[in-house]
Amino acid sequence: MTHGRQDNAAQDPGAARPAKGIGDELVEVHDLFRERMAAIREEIAAVTSGAASPDIAAMSDAVAGMSLKEHCLTMCEALHGHHTREDGGLFRAVETGAPHLAGAVARLRREHVVVDESLHKIRALFDTVGLADPERLQRELEQLFNSLEEHFQYEEQQVVGPLNSLTRGAPAH
């Protein structure tokens, strides 16, 4: 039996790679939100196209098996928590370690307030209209998701590098 030689990374995944910085972890979290948004987009499209019954609302989230409402509200709560942690800790680290980014951090905090208002609107929409008006729900979700994508992109452009530098002990750029 022949055994191929594995490199150090295959034998010890941490050995050949530099330590992951908090900025890289932030991108991973954003990517998880992007996956959730894509799944919700598919679910609401199924409802608006008539492919799924709004009364049942048990859509195709193979991982969680949640209804559209549960899926959306769970994502809203997770996003609110994510932004609260950024505002309370992560952004303070950026402001301290990279004071030249104060303007970018201020913009991100303002965007968090706008996103939070949108999240409240989505929750209220589910409470009052639910899936009785799926087109309206789809419009509101699209507006939120488009804003979030712009927010994520800006945040990644502005703070990922400095966060990685700060968490790896290098000067922030």
Side-chain angles (χ1 to χ4, degrees), residues 13-15 17-44 59 61-130 136-173:
R17 295 183 193 109
K20 186 183 296 186
I22 290 177
D24 295 328
E25 291 177 11
L26 179 65
V27 173
E28 289 176 1
V29 169
H30 287 173
D31 287 345
L32 291 173
F33 280 118
R34 288 176 174 114
E35 289 172 16
R36 285 299 204 189
M37 290 187 298
I40 291 170
R41 279 182 166 124
E42 288 178 19
E43 292 170 3
I44 192 68
M59 310 301 168
D61 184 355
V63 175
M66 292 186 277
S67 72
L68 177 60
K69 179 180 178 179
E70 291 167 335
H71 198 169
C72 287
L73 295 181
T74 299
M75 190 191 110
C76 287
E77 288 304 313
L79 188 59
H80 175 75
H82 168 71
H83 284 165
T84 299
R85 286 185 297 280
E86 283 182 338
D87 289 340
L90 195 64
F91 289 168
R92 286 185 188 154
V94 172
E95 289 169 323
T96 301
H100 63 283
L101 292 175
V105 170
R107 173 182 163 173
L108 292 167
R109 283 192 169 119
R110 286 190 306 272
E111 289 177 1
H112 286 179
V113 171
V114 173
V115 167
D116 203 43
E117 290 168 358
S118 294
L119 296 176
H120 286 295
K121 192 173 183 180
I122 297 293
R123 287 184 199 105
L125 192 56
F126 270 112
D127 289 342
T128 59
V129 178
R136 180 175 172 197
L137 182 60
Q138 185 177 36
R139 283 191 307 272
E140 294 296 335
L141 287 169
E142 275 304 312
Q143 184 177 0
L144 171 64
F145 294 167
N146 290 336
S147 295
L148 281 172
E149 185 54 43
E150 288 176 20
H151 172 75
F152 291 160
Q153 288 177 7
Y154 179 76
E155 187 170 43
E156 290 166 3
Q157 291 168 354
Q158 296 298 312
V159 301
V160 167
L163 279 172
N164 284 342
S165 294
L166 291 170
T167 57
R168 292 181 181 143
H173 304 291

Query raised in the report: With a cut-off of under 6.0 Å to the ring centre and 45° to the axis, is Arg34 in cation-pi contact with Phe152?
Result: no
Between Leu108 and Val159 the two heavy atoms that sit nearest each other are CD1-CG1, 4.2 Å
Between Ser118 and Leu144, the two heavy atoms sitting closest are CB-CD1, 3.7 Å
List the steps and the verdict of side-chain contact (heavy atoms from CB on, under 4.5 Å) for Phe33 and Leu79.
-> CA-CA 8 Å; Phe33 280 118; Leu79 188 59; 4.0 Å; yes
Quiz item: Using a distance-only test with no angle check, is there a side-chain donor-acceptor pair under 3.5 angstrom linking Asp116 and His83?
Solution: no
Residues at least two apart in sequence or cross-chain that pass side chain to side chain donor-acceptor pair (under 3.5 Å) with Glu95, listed by chain then number, are Arg109
CD of Gln138 to CZ of Phe145, rounded to nearest 0.5 Å, is 10.5 Å
side-chain contact (heavy atoms from CB on, under 4.5 Å) between Arg107 and Leu101, intermediate numbers included: CA-CA 10 Å; Arg107 173 182 163 173; Leu101 292 175; over 6 Å; no
side-chain contact (heavy atoms from CB on, under 4.5 Å) between Met75 and Met37, intermediate numbers included
CA-CA 8 Å; Met75 190 191 110; Met37 290 187 298; 3.7 Å; yes
Checklist entry - Given side chains that start at C-beta, do those of Val129 and Glu140 come closer than 4.5 Å, heavy atoms only? => result no
Between His30 and Gln153: side-chain donor-acceptor atoms closer than 3.5 Å: no
By ring pair (Phe, Tyr, Trp, His ring centres under 6.0 Å), Phe126 pairs with (sequence neighbours left out) none
For Ala93 and Leu166 the tightest heavy-atom approach is O-CD1, 3.6 Å
Cys72 and Ile40 have their tightest heavy-atom pair at SG-CG2, 3.6 Å
Polar side-chain atom of Arg92 near backbone of Gly88 as donor-acceptor pair, under 3.5 Å:
yes
When rounded to the nearest 0.5 Å, the distance separating CG of Leu119 from NE2 of His80 is 8.5 Å
Across all chains, not counting sequence neighbours, the salt bridge (Lys or Arg N to Asp or Glu O under 4.0 Å) partners of Asp24 are Arg168
Interatomic distance, SG@Cys76 vs NE2@His71, rounded to 0.5 Å, equals 10.5 Å
So NZ of Lys121 and CG of Leu141: to nearest 0.5 Å the spacing works out to 11.0 Å
- What do you reckon, are the aromatic ring centroids of His112 and Phe91 less than 6.0 Å apart? yes
Review point. Would you call Glu25-Lys20 a salt bridge at under 4.0 Å N-O?
Key: no
- In this structure, are over 12 heavy atoms from other groups packed under 6.0 Å from His151 atom NE2? yes
Residues pairing under salt bridge (charged side-chain N to carboxylate O under 4.0 Å, His left out) where one sits in residues 75-86, two or more places apart or in two chains, turn out to be Glu77-Arg123
Those residues at least two apart in sequence (or on a different chain) that pass side chain to side chain donor-acceptor pair (under 3.5 Å) with Arg41 are Glu142, Asn146
Output for pair (Gln158 CD, Leu163 CG), nearest 0.5 Å, gives 11.5 Å
Derivation of the side-chain contact (heavy atoms from CB on, under 4.5 Å) call for Leu68 and Ile44:
CA-CA 7 Å; Leu68 177 60; Ile44 192 68; 3.6 Å; yes
Hits for side chain to side chain donor-acceptor pair (under 3.5 Å) against Glu150, two or more places apart or cross-chain, chain-then-number order -> none
